[in-house]
Amino acid sequence: YSELPVAVAGFPALVKLDVSHNALRTLPSLPLSLETLFALGNHFEAIPPAVAALPRLRMLSFKSCRLRSLGEAPLPPSLQWLILTD
């Protein structure tokens, strides 16, 4: 898949989301309840701005993506694990 449906934001109790191994380049708004986001093996060049809006995010993985930068938006201060390795 190259796009995540915007309907994903309609799951207010979602705490873990794994969108790994797709062809994603960006993300829509995500549920504010997310604590874990795995986005391994996609085509991101930067961490999408939607990630900055996740106040409960504790674990974030963009492993094996095409990251060139962390992006312009700050990462959530709640973040405890950040995985960016190839």
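To the nearest 0.5 Å, the span separating NE2 on H21 from CZ on F38 amounts to 11.0 Å.
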Item to check | CA sep, side-chain torsions, deciding dist, call: I83, L60, side-chain contact (heavy atoms from CB on, under 4.5 Å) | outcome: CA-CA 6 Å; I83 305 163; L60 177 64; over 6 Å; no
Next on the checklist: Assess the residue pair L27 and L37 against the criterion (side-chain contact (heavy atoms from CB on, under 4.5 Å)); give the C-alpha distance rounded to whole Å, side-chain angles, the decisive distance to 0.1 Å, and a yes or no.
Outcome noted: CA-CA 11 Å; L27 293 172; L37 176 60; 4.0 Å; yes
Item to check | side-chain contact (heavy atoms from CB on, under 4.5 Å) assessment of L4 paired with L17 | outcome: CA-CA 11 Å; L4 187 65; L17 180 62; 4.3 Å; yes
Checklist entry - Should L70 and L84 be marked as a side-chain contact (heavy atoms from CB on, under 4.5 Å) after you check the CA-CA gap, both sets of side-chain angles, and the distance that decides it? => result CA-CA 10 Å; L70 293 179; L84 302 174; 3.6 Å; yes
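The minimum heavy-atom distance between T26 and F44, with the atom names listed, is N-CE2, 3.5 Å. Considering every non-hydrogen atom in both P28 and A50, the closest pair reads O-CB, 3.3 Å.
Listed for the S78 side chain is a donor-acceptor partner under 3.5 Å among the backbone atoms of P55. Using a distance-only test at 3.5 Å, with no hydrogens or angles considered, a donor-acceptor pair links the side chain of D18 to the main chain of S20. In this structure, D86 contributes its side chain and K63 its backbone to no donor-acceptor pair below 3.5 Å. Using a distance-only test at 3.5 Å, with no hydrogens or angles considered, no donor-acceptor pair links the side chain of N42 to the main chain of C65. Side-chain atoms of S33 come within 3.5 Å of backbone atoms of P12 as a donor-acceptor pair (strictly under, hydrogens ignored).
One hydrophobic cluster, built from ILVMFWY side chains closer than 4.5 Å, holds both L30 and L14.
Heavy atoms of other residues, nucleotides or ligands lying less than 6.0 angstrom from CD of E72 number 12 at most.
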